[in-house]
**Q** 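Have a look at the structure that comes next, please.
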Amino acid sequence: MFKELDPILHSQLRLAVMSLLISVKQADFIFIKEKTNATAGNLSVQVQKLKEAGYIDVIKEFKDNYPNTTCKITKKGIQAFEDYVKVLQEYLQVKQP
Amino acid sequence: MKNNENDFSPQESLQLIRSMIETTKHSISDKSHYFLLWGWAVFIGCVLQYYLKAIIDYPQHYYAWYITPVALIVFIIFLIRDRKKEKVTTFIDEASKYLWTALGFSFFALSFIFSRMGWQYCYPIYILLYGVGTYVSGSLIKFRPLIIGSIICFPLAIVTAYVDFDSQIIMLALAVLVSYIIPGHLLRMQYRKQH
């Protein structure tokens with residue numbers, strides 16, 4: 001019996017955001033938007049969901065008089081990502097014996 | 001990127017993770033201006049000091065190093081400007097920051113140590129520290145010219161300890177040329193080609 005894939009992570013845009021953040025120390029909203037090709041509105045909603053789940057920290061500050069949002073993965077987020085990849089591997093091992 | 005659809009296969013998930021991680025690999029920012037700033041500042045300092053000391057025999061030849069505070073001001077301007085522009089901080093950026101901060105503290109501490117011990121011993125140590133900094137930086141960003149330049153610094157540091165002070169100045173200029181200036185220009189060229 002397979003474990004269920006974490007529904008927070010099993011969404012294309014949220015998984016893309018988490019995959020970006022797992023490989024950097026921190027990234028700002030514009031960078032994530034450019035790399036994922038998402039719209040600002042959709043990205044905001046998904047970033048908020050990841051934040052509510054405790055998977056990322058969102059820091060809002062002013063940079064050169066403009067609002068700037070920086071995202072950073074949390075320990076809980078790293079654990080969730082690792083668990084998600086483990087479950088993925090289980091699925092793939094069965095499909096590719 | 002599609003919306004938050006949940007109906008994608010494990011293969012697609014893995015592919016997405018892979019491609020996102022891959023995009024961050026190309027997020028190494030261009031830091032060549034720091035190597036060029038310090039490289040040229042030290043090189044000009046060496047040429048000036050050599051001219052003042054060995055050619056016109058000016059007693060206050062160390063005035064040449066007034067170029068250091070000027071370079072420091074430009075360096076701080078660069079730091080502030082880059083901080084504003086920075087969209088992502090990679091772990092390589094973070095590691096480089098710690099390395100160069102530690103080296104900055106070392107150069108600062110050494111200025112007090114050599115004022116006490118005598119400046120005639122300073123250049124082999126400076127060359128050694130240039131080698132350490134550029135070796136680690138070059139290895140972090142996997143940039144061969146920086147690694148090669150840094151490795152040349154180690155024998156240069158040994159040779160510098162055995163030559164007279166005038167020749168030490170030339171050796172220092174040679175060290176920054178191979179470890180900062182040449183790799184700095186090559187790094188800038190490579191970055192501009194990629195972007």
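All chains are named by letter (A, B, ...) in the order of the sequence lines, taking the proteins before the strands, and each is independently numbered beginning at 1. Keep in mind that the numbers below use all heavy atoms, side chains included, and drop hydrogens, waters and symmetry copies.
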**Q** Heavy-atom distance under 4.5 Å to chain B: side chain of A:Val17, backbone, both or neither?
**A** neither
**Q** Less than 6.0 Å separating the ring centroids of B:Phe114 and B:Tyr123?
**A** no
**Q** Counting only heavy atoms closer than 4.5 Å, note whether A:Ile32 contacts chain B via side chain, backbone, both or neither.
**A** neither
**Q** Would you please indicate yes or no on a ring centroid separation below 6.0 angstrom for B:Phe75 and B:Trp38?
**A** yes
**Q** Would one find more than 12 heavy atoms of other residues, nucleotides or ligands at under 6.0 Å from atom OH of B:Tyr121?
**A** no
**Q** What part of B:Arg83 gets closer than 4.5 Å to chain A, counting heavy atoms only: side chain, backbone, both or neither?
**A** backbone
**Q** Which atoms of A:Phe29 come close to chain B, meaning under 4.5 Å heavy atom to heavy atom: side chain ones, backbone ones, both, or neither?
**A** neither
**Q** Before you tell me yes or no, could you show the steps for B:Lys53 and B:Asp166 under salt bridge (Lys or Arg N to Asp or Glu O under 4.0 Å), namely the whole-Å CA-CA distance, both residues' side-chain angles and the distance that decides it to 0.1 Å?
**A** CA-CA 8 Å; B:Lys53 188 175 182 306; B:Asp166 289 356; 2.8 Å; yes
